[in-house]
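Everything on this sheet refers to the single structure shown next.
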Amino acid sequence: MSFAVPDSVRPIREAVLAFMTERVEPAEEALHSGDASILRELQEEAKKEGLWALGHPRELGGGGLGFLDYVYVNEVQGRSEYGQLALGTFTLQDSLMLHEHASDEQRERYLQPLVRGDIWPSFAMTEPTVSSSDPTQIQTSAVLDGDEWVINGHKWFTTGASRAAYTTVMCRTEDDAPPHLAFSMIVVPTDTPGYRIVRETPVLGLSGGHCEVRYEDVRVPAGNLLGPRGHGFVIAQKRLGPGRIFHCMRWLGQAQRAFDLMCRRLHERTAFGEPLARKQLMRQHVFDSYTDIQAARLLTLQAAHAVDGGSDARVEIGAIKVVGARMLHAVIDRAIQVYGAAGLTPDTPLDRMYRHARAGRIYDGPDEVHIDSVGRRLLGTYAAGGSWEFAR
């Protein structure tokens, strides 16, 4: 496979890059303040220019980009934390989940409005008293009472819950089933009595809509079950797998932006009578960042290539989730070091980027879980008498 941007994708990629650098990035300060009118304006511009929901299937009203092609667009969209919001791809994981598992009623009520950007989704899996690395210990429960599910439990890091129309809740519904068949997904409108947002939890000082939510005798119709009963883990894995690689795609854009800032600073700033770009230690930062980004990018494209070919790509996605998060953190850290004191302030985007980057090593599975999973799968190949062929 070629790792260059295909000619068929290049025009749309360049249009997205221009939209990001000319409109989204200059608007970041206003967006940080929570100016919803600016975001809505950007969304309308993206729709008019044919840049809206590019990764969504065409039958849902999206751009219909293939999975591999979407990498090349998502990596430039990822330059800003607001890129996926402005361009309508922030609903992609939830839209794909509903597209595969939703009933006709759920599709009509939620799916089309999601793709249009008229409503926001949210997803509740993580619980404050349970290690998210072992989701079989989830305590939130749902009991069928007549034609209603009654949900009780405590979730947090339900991103976007404060503005979402609904939350898809992972909860225990089967008492006697094996652990991985004991949980179901239930769609809960956020205006349902008993659905109580406790707080929005700041992450490293940043408010990003990560909500702590209590479910206190929440009653929803039995028809709000998403997919088959007891198949919550299957649905969660199908949602989280692509979601992890979507993160890695966007991290490439963040890393590119940090790299650009660092290299330009090295030419602009002087110390002891010459530009920083002439300092050997500064060139080490450039070299390390170049190799880190390039390696992560090739791993991301390889993982996307595997997914595009029909593989679940669990080794490839698990590896890039770890490598990508570490790469991003390291590249931004070096850029801050080059900027010195200025890199610690809001005078550059690096301070927010750095905090977001650190969170990447935890959400959607911490590094340790993915490292163990990848190692176990690779060793399992050899235990079965095979080998892992890197050139395959």
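Using a 4.0 Å cut-off between a side-chain N of Lys or Arg and a carboxylate O of Asp or Glu, D367 and R326 qualify as a salt bridge. Residues R257 and E28 are paired through a salt bridge, judged by an N-O separation under 4.0 Å between the basic side chain and the carboxylate.
The shortest heavy-atom contact between R107 and L98 is NH1-O, 3.8 Å. Here the closest heavy-atom approach between residue T190 and residue Y195 is recorded as O-CD2, 3.5 Å.
The distance from atom OG1 of T91 to atom NE2 of H56, rounded to the nearest 0.5 Å, is 3.0 Å.
A distance-only check finds no donor-acceptor pair linking the side chain of T167 to the backbone of F123 [under 3.5 Å].
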Output side-chain donor-acceptor pairs under 3.5 Å for residues 262-278, partner residues at least two apart or in another chain, one line each.
{"unit_1": "R265", "atom_1": "NH2", "unit_2": "Y339", "atom_2": "O", "d": "3.2"}
{"unit_1": "E274", "atom_1": "OE2", "unit_2": "K279", "atom_2": "NZ", "d": "2.9"}

Please set out all donor-acceptor pairs under 3.5 angstrom arising from side-chain atoms of residues 372-380, sequence neighbours excluded.
{"unit_1": "D372", "atom_1": "OD2", "unit_2": "R376", "atom_2": "NH1", "d": "3.1"}

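Among R355, R250, R352, the single residue meeting the salt bridge (Lys or Arg N to Asp or Glu O under 4.0 Å) criterion with E81 is R352.
Residue Q294 qualifies as enclosed at atom CD: its count of foreign heavy atoms under 6.0 Å is above 12. Remark: E29 CD is loosely packed, at most 12 non-hydrogen atoms of other residues, nucleotides or ligands lying under 6.0 Å away. No more than 12 heavy atoms of other residues, nucleotides or ligands lie within 6.0 Å of CG in D104, so this atom counts as exposed by the packing criterion. Crowding of E49 atom CD: a count of heavy atoms from other residues, nucleotides or ligands under 6.0 Å exceeding 12. Under a cut-off of 6.0 angstrom, the local environment of CZ in F287 is sparse, with at most 12 non-hydrogen atoms contributed by other residues, nucleotides or ligands.
Within the 4.5 Å cutoff, side-chain heavy atoms of R109 are placed close to those of P189. In this structure the side chain of V323 never reaches within 4.5 angstrom of the side chain of T300, judged on heavy atoms. Between L85 and W120 the shortest side-chain heavy-atom distance falls below 4.5 Å.
Within the structure, side chain to side chain donor-acceptor pair (under 3.5 Å) contacts touching residues 3-20 (residues at least two apart or in different chains) are R13-E75. Sequence neighbours left out, the pairs with a member in residues 224-245 that pass side chain to side chain donor-acceptor pair (under 3.5 Å) are D94-R239, E100-K238, E174-R229. For residues 176-194, the set of pairs meeting the salt bridge (charged side-chain N to carboxylate O under 4.0 Å, His left out) definition, not counting sequence neighbours, is empty.
A search for side chain to side chain donor-acceptor pair (under 3.5 Å) contacts involving T158 returns nothing, not counting sequence neighbours.
A side-chain donor from one of Q256 and D260 sits under 3.5 Å from a side-chain acceptor of the other.
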